Amino acid sequence: NTDWSGFSMGFRQALPDASLRHVVLLGAGGAGAAVGHAILKMGAQALSIADTDGARAEALASRLAAQHPAARVSRVGDAAEALAGASGLIHATPTGMDKHPGMPIAEGALAHRPWVAEVVYFPIETELLKAARARGCAVADGGGMAVGQAIGAFELFTGRKADAARMEAHFRGLLESNARAGARASSTSRESLE
């Protein structure tokens with residue numbers, strides 16, 4: 001699939017100078033597996049994986065360690081503790097999506113200002129990204145992965161080169177249109193209650 005290559009493309013565009021010395025990955029599901037592979041393929045020296053399902057995190061860590069023997073890959077029980085010495089954080093769980101609001105990790109865990117990459121793109125500005133920006137962290141929103149996936153899929157299916165800038169602009173335009181429509185609907189709803 002194009003999940004890993006999509007993440008790589010978006011990450012490199014948003015955070016070209018990010019240190020890959022030690023990355024903490026929240027989430028060991030399908031998205032976590034893809035972005036874990038991607039960040040290791042990009043040269044991460046160490047990857048610490050945290051998931052509410054410890055066995056799933058352990059299984060992913062074992063799989064990725066076998067595929068990327070030059071890196072240190074491990075499962076961690078406490079993501080906030082692992083993040084204290086990390087250069088970056090990748091969030092790959094449903095937390096923060098429109099239907100799963102909230103933060104996947106306490107805001108205080110961002111105190112030393114690691115870079116933060118997100119895979120969620122509805123909403124594009126998650127609570128995690130807001131908190132990270134407020135702390136001065138460099139961030140990559142989930143839109144980079146979404147557009148990167150679309151570019152990869154288009155090229156795979158058609159055999160033609162995608163216009164990456166046009167696809168990025170279209171995606172961002174759709175997000176803006178949805179935000180405006182949501183604001184109008186919210187305003188109409190409040191007016192009808194009054």
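All figures in this text were calculated on a predicted structure; none of them were measured in a lab.
Listed by chain and residue number, Thr2, Asp3, Met145, Ala146 satisfy the side-chain contact (heavy atoms from CB on, under 4.5 Å) test with Gln149 (two or more places apart in sequence, or in another chain). For Ala109, the side-chain contact (heavy atoms from CB on, under 4.5 Å) partners at least two apart in sequence or on another chain are Ala80, Leu83, Ile105. Under the side-chain contact (heavy atoms from CB on, under 4.5 Å) criterion, Ala131 pairs with Met103, Glu107, Leu110, not counting sequence neighbours.
With rounding to the nearest 0.5 Å, the separation of CG in Asp98 from OG1 in Thr126 is 10.5 Å. To the nearest 0.5 Å, atom NZ of residue Lys130 and atom CD of residue Glu127 are 4.5 Å apart. For the atom pair CG of Leu60 and CG of Asp53, the computed distance is 11.0 Å after rounding to the nearest 0.5 Å. Summarising the geometry, atom CD1 belonging to Ile90 is positioned 7.0 Å from atom CG belonging to Leu47; distances are rounded to the nearest 0.5 Å. Rounding to the nearest 0.5 angstrom, the gap separating the CG atom in Leu64 from the CG atom in Leu40 is 5.5 Å.
Residue pairs meeting the side-chain hydrogen bond (donor to acceptor under 3.5 Å, both in side chains) criterion with at least one member in residues 4-25, sequence neighbours excluded: His22-Ser48. Identified under the side-chain hydrogen bond (donor to acceptor under 3.5 Å, both in side chains) test for residues 151-162, with sequence neighbours left out: none. Sequence neighbours left out, the pairs with a member in residues 164-173 that pass salt bridge (charged side-chain N to carboxylate O under 4.0 Å, His left out) are Asp141-Arg172, Glu168-Arg172. The side-chain hydrogen bond (donor to acceptor under 3.5 Å, both in side chains) pairs that include a residue from residues 61-75 are His37-His68, where partners are two or more places apart or lie in different chains. Sorted by first and then second residue, the ring pair (Phe, Tyr, Trp, His ring centres under 6.0 Å) pairs involving residues 80-118 (not counting sequence neighbours) are Phe11-Trp115. Counting only residues at least two apart or on different chains, no side-chain hydrogen bond (donor to acceptor under 3.5 Å, both in side chains) pair has a member in residues 25-35. Sorted by first then second residue, the salt bridge (charged side-chain N to carboxylate O under 4.0 Å, His left out) pairs that include residues 29-52, not counting sequence neighbours, are Asp51-Arg56. Within the structure, no pair that satisfies the salt bridge (charged side-chain N to carboxylate O under 4.0 Å, His left out) test touches residues 108-120, not counting sequence neighbours. Evaluation of the ring pair (Phe, Tyr, Trp, His ring centres under 6.0 Å) test over residues 117-164, restricted to residues two or more places apart or in two chains, returns Tyr121-Phe171.
Closest non-hydrogen pair, Leu20 versus Ser87, comes out as C-OG, 4.0 Å. Ala162 and Ile151 get closest at one heavy-atom pair: CB-CG2, 3.9 Å. Residue Gly96 comes nearest to Pro123 through the heavy atom pair O-CD, 3.2 Å, listed as atom of the first residue, atom of the second, then distance. Closest of all the heavy-atom pairs between Leu129 and Ala140 is CD2-O, 4.2 Å.
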